[in-house]
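None of the values given here were measured: they were computed from a predicted structure. FYI, side chains are in, hydrogens and waters are out, and symmetry mates aren't considered; it's all heavy atoms of this structure. Letters A, B, ... are given to chains in the order of the sequence lines, protein chains preceding strands, and every chain is numbered from 1.
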There are 2 protein chains.
Amino acid sequence: MADPQKRLETMLAKLKEKEMRITPQRFAVLKILSESSEHPSVERIYEQVRGDFPTTSLATIYKTIILLKGIGEVLEIGFGDGSSRYDGNKPYPHPHLICTRCRTIIDPDLDSLHDMTAEVSEETGFRITSHRLDFFGLCSECQKNR
Amino acid sequence: MADPQKRLETMLAKLKEKEMRITPQRFAVLKILSESSEHPSVERIYEQVRGDFPTTSLATIYKTIILLKGIGEVLEIGFGDGSSRYDGNKPYPHPHLICTRCRTIIDPDLDSLHDMTAEVSEETGFRITSHRLDFFGLCSECQKNR
DNA sequence: TTCCAAACAAATAATGATTATCAATAAATA
DNA sequence: TATTTATTGATAATCATTATTTGTTTGGAA
């Protein structure tokens, strides 16, 4: 998480540019996304927004997330099971390291990945638009605790 | 798909080893998985099995797939959306190249990936047990047809 | 071979995350 | 301020998957 304030402003600017309204509920979601490094779930965002706006509906969170996905300002990280988590700080594809026990997600550095896309593209003739690279395992903490 | 016959035998042997029954329905599912290079969906497998056993239930296909996942003989490939496809030929993690238009899945060669796991593991202290690498885009065919 | 217990199949109900619907509300525009 | 449009909140619908229930099949003991 580089600079939450700046990230928030970027997202706000993007919404304005697209002539979308910045409602209090949307603002709350954006704020949470910009400040979170934990890759929150919809449910988690929902709970936090309800802290400020107790009448907020879960549907509104979903709609806001879909909106943000649509304009490329949030990245969805789908687990193997149905559930998803969201990254509002790095909305472009990047590798994740997921602890299958405590569900922590961290973003490892991995430069070597960059060339792969070109390699695959050339090999197959695909025009590659996106990718997904996730590693699953146990974080060092969870390795200790049994 | 190296040798469907051999692959089928391997899966059968694994079931036997685990003292699980090889029922006609299960056999049909194994056969389809071993012969398919198309990475079929549950629904697709279901349709095919119904060709031979018209009374087969969708639940049976799901249960068989879950069983095979459990003993590591089939790999689930989850799309971004809810749907999944299955690979009974290479049941270990390997990269995929997915056409978002026609939903074709191919398995590119990509040796460079192998070292990544070690790199990430060392960098983060994770004990990595699995991974997932998927590229999304348009296959050459779909690039032509608009 | 017959019987029994365990594994399995089929049919269907339940689940649960996500999506759609729609009346009420809020914001933008004139 | 009146009008138009987007958005919200509440709730219903969807749909893939999972659980449940009941009846059937299987393999082994007697």
Exercise. Return the value, rounded to whole Å, for the distance between atom CG of A:Leu67 and atom C1' of C:dT19.
Key: 15 Å
Practice problem: Whole angstrom is fine here: how far is it from NZ in B:Lys63 over to C1' in D:dT17? | Solution: 12 Å
Quiz item: Taking DNA chain C as the partner, which of residues 13-24 of chain B come within under 4.0 angstrom of it by heavy atom?
Solution: B:Met20, B:Arg21, B:Thr23
Exercise. Look at the side chain of A:Arg85 and the backbone N and O of A:Arg103, then say whether any donor-acceptor pair between them is shorter than 3.5 Å.
Key: yes
Quiz item: What are the two closest heavy atoms between A:Leu67 and A:Met20, and how far apart are they?
Solution: CD1-CE, 3.5 Å
Self-check item: Close approaches to DNA chain C from residues 44-62 of chain A, in residue order (heavy atom, under 4.0 Å)
Solution: A:Ala59, A:Tyr62
Self-check item: Residue pair A:Ser84 / A:Glu76, side-chain donor-acceptor N/O under 3.5 Å
Solution: yes
Exercise. Indicate yes or no for a side-chain donor-acceptor contact from B:Glu73 to the backbone of B:Leu68 under 3.5 Å, with no hydrogens or angles considered.
Key: no
Quiz item: So what does A:Gln25 touch, heavy atoms closer than 4.0 Å: a base, only the sugar-phosphate, or nothing?
Solution: sugar-phosphate
Exercise. Could you tell me whether the phosphate oxygens of D:dT8, OP1 or OP2, come under 4.0 Å of any side-chain nitrogen or oxygen in A:Arg26?
Key: yes
Practice problem: Nearest 0.5 Å please: distance from the OG atom of A:Ser57 over to the OH atom of A:Tyr46. | Solution: 6.0 Å
Quiz item: Less than 4.5 Å apart, any side-chain heavy atom of A:Asp87 and any of A:Ile105?
Solution: no
Practice problem: Would you mind checking if A:Glu47 and A:Arg44 are paired as a salt bridge, meaning a charged N to carboxylate O distance below 4.0 Å? | Solution: yes
Exercise. Taking B:Glu123 for its side chain and A:Asp109 for its backbone only, find out whether a donor-acceptor pair lies under 3.5 Å.
Key: yes
